[in-house]
Amino acid sequence: MVNSISAQKAESRVDINIKESKYALETNKLTKNYGSSRGIIELDLRVDQGEIFGFLGPNGAGKTTTIRLLLNLIYPTTGKASIFGLDCQNDTVEIRKHIGYLPGEFTMYSNLTGAKTLEYFANLRGGVDWKYVQELAQRLDLDMSKKFKQYSRGNKQKVGVIQALMHKPRLLVLDEPTSGLDPLNQQEFYKLIQEAKANGSTIFFSSHIMSEVEKVCDRVAIIREGKLVKIGMISELTDIKSHSLEITFNGQVPLEELSAIPGVSHFEVAPNDHRQTVRCVVRPESLDKILKVVSGYTVVNFVSREPSLEESFLEYYREQK
Ligand SMILES: Nc1ncnc2c1ncn2[C@@H]1O[C@H](COP(=O)(O)OP(=O)(O)OP(=O)(O)O)[C@@H](O)[C@H]1O
């Protein structure tokens, strides 16, 4: 019975056999060549123990490939990866005891309920604190009595998140953990990983959303087309970030002034009766100039949204040329 699974048993495992390692996770020139397509190329990553590390990249960048290599689900073409100083290929069994892993597409037996699915994972791990599982389900608003096949994508993802967290692992490796979660559950998830960090865990999670990584991570690595583009503190993301603006004017529009500001691109004007809507992509350092120009005119609507990561990259590289 799940309720009798001993928490003590789970806790007693912690700290056994983990080599003293400066890094929670390290890759050295890690490369995966799929033959027909590139996976990742000579990736060098170092993640310190106890940090929340974001692994940011657009679709197809190589995030899942990297994570599968760390979990030894696929083999590298060349290069090495280690977790807590243990070799990802040779020490998989030991490493797995200390990891919580959420795959990109979490699926389970369709006729098992959420509770039975989680019970299965609890048993695999030799025991977890079931009260903690119940608390996680309640905080993520998951009804554990439903069958897996009855769950929406978001609810399946919640089961995946809970199985990754349930044994309070030293390292969480999460592949796009918030995909499918609604904004409230995303916020709860961010709190959960902050709590895991406060309890000494390291969190490595992939994402293609810059604002999410900015909100919760200490450091970030950016991957694009299989290669590491940048690694550093979150504050260093500012130069890649851009804003997509939509400004609606009533009456006169400062078209020439706006389009002449450096760092403004993709400039478009859409007339609409007496109003005109200007759309453009703006580099962070140009935002202030835009606001100063528009403040002298009648603005009836001002929307700023985060462009997709690929749009931001394109803008960043266009500026670099
Ligand atoms: N099994 C495979 N066989 C061949 N090519 C693959 C395989 N898996 C991934 N790739 C290729 O490797 C590259 C990286 O894919 P990967 O899934 O790691 O990217 P990702 O950053 O996780 O993207 P997404 O967010 O879309 O999942 C892509 O070009 C992809 O087509």
Side-chain angles (χ1 to χ4, degrees), residues 25-47 52-83 88-89 92 99-108 153-154 156-161 163-164 171-182 185-186 189-190 193 203-217 219-232 234 237 240-241 306-317:
L25 184 163
E26 187 177 5
T27 68
N28 287 302
K29 299 212 175 304
L30 191 64
T31 299
K32 177 70 184 177
N33 184 345
Y34 285 110
S36 55
S37 59
R38 65 134 182 91
I40 56 164
I41 304 159
E42 301 202 337
L43 196 70
D44 285 325
L45 285 179
R46 270 158 205 84
V47 176
I52 303 183
F53 193 96
F55 192 41
L56 189 63
N59 289 341
K63 303 181 295 294
T64 300
T65 299
T66 307
I67 288 175
R68 287 193 179 141
L69 287 165
L70 291 169
L71 271 288
N72 201 29
L73 299 171
I74 53 174
Y75 303 123
T77 311
T78 53
K80 281 218 155 288
S82 62
I83 284 178
C88 288
Q89 274 191 276
T92 318
I99 289 193
Y101 165 55
L102 173 68
E105 303 236 332
F106 181 78
T107 65
M108 274 305 291
R153 179 159 173 257
K156 284 179 183 159
Q157 188 73 351
K158 291 176 196 176
V159 179
V161 168
Q163 65 74 33
L171 173 66
L172 282 158
V173 179
L174 311 169
D175 195 353
E176 307 231 3
T178 57
S179 77
L181 296 184
D182 68 31
N185 294 134
Q186 283 182 12
F189 167 79
Y190 300 146
I193 60 167
I203 298 100
F204 179 83
F205 83 88
S206 72
S207 172
H208 61 271
I209 306 162
M210 202 183 292
S211 57
E212 153 171 292
V213 166
E214 227 178 343
K215 204 179 301 169
V216 286
C217 296
R219 287 200 306 140
V220 62
I222 298 177
I223 183 172
R224 185 174 187 239
E225 295 175 0
K227 290 187 185 155
L228 192 69
V229 174
K230 201 175 175 100
I231 184 162
I234 287 300
L237 275 183
I240 290 186
K241 218 171 141 184
E306 182 185 356
S308 73
L309 197 56
E310 194 53 33
E311 281 172 313
S312 294
F313 279 149
L314 288 175
E315 187 53 25
Y316 176 70
Y317 288 109

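First listed ligand is number 1; within each ligand, the first listed atom is number 1.
- Side-chain polar atoms of Thr92 and Asn72 form a donor-acceptor pair below 3.5 angstrom.
- Within 4.0 Å of ligand 1, the residues that place a heavy atom are Tyr34, Ser37, Arg38, Gly39, Pro58, Asn59, Gly60, Ala61, Gly62, Lys63, Thr64, Thr65, Glu176, listed by chain and number.
- In this pair, Phe53 and Phe204 present their aromatic rings parallel. The plane angle is below 30°, not in the 30 to 60° band.
- Within 6.0 Å of CZ on Arg68 lie no more than 12 heavy atoms contributed by other residues, nucleotides or ligands.
- The line from OG1 of Thr178 to CG of Asn185 is 11.0 Å long, rounded to the nearest 0.5 Å.
- Residues Thr65 and Tyr34 are in side-chain contact: their nearest non-hydrogen atoms beyond the backbone lie under 4.5 Å apart.
- Atoms CD1 and CZ, from Ile231 and Phe55 in turn, are 9.0 Å apart once rounded to the nearest 0.5 Å.
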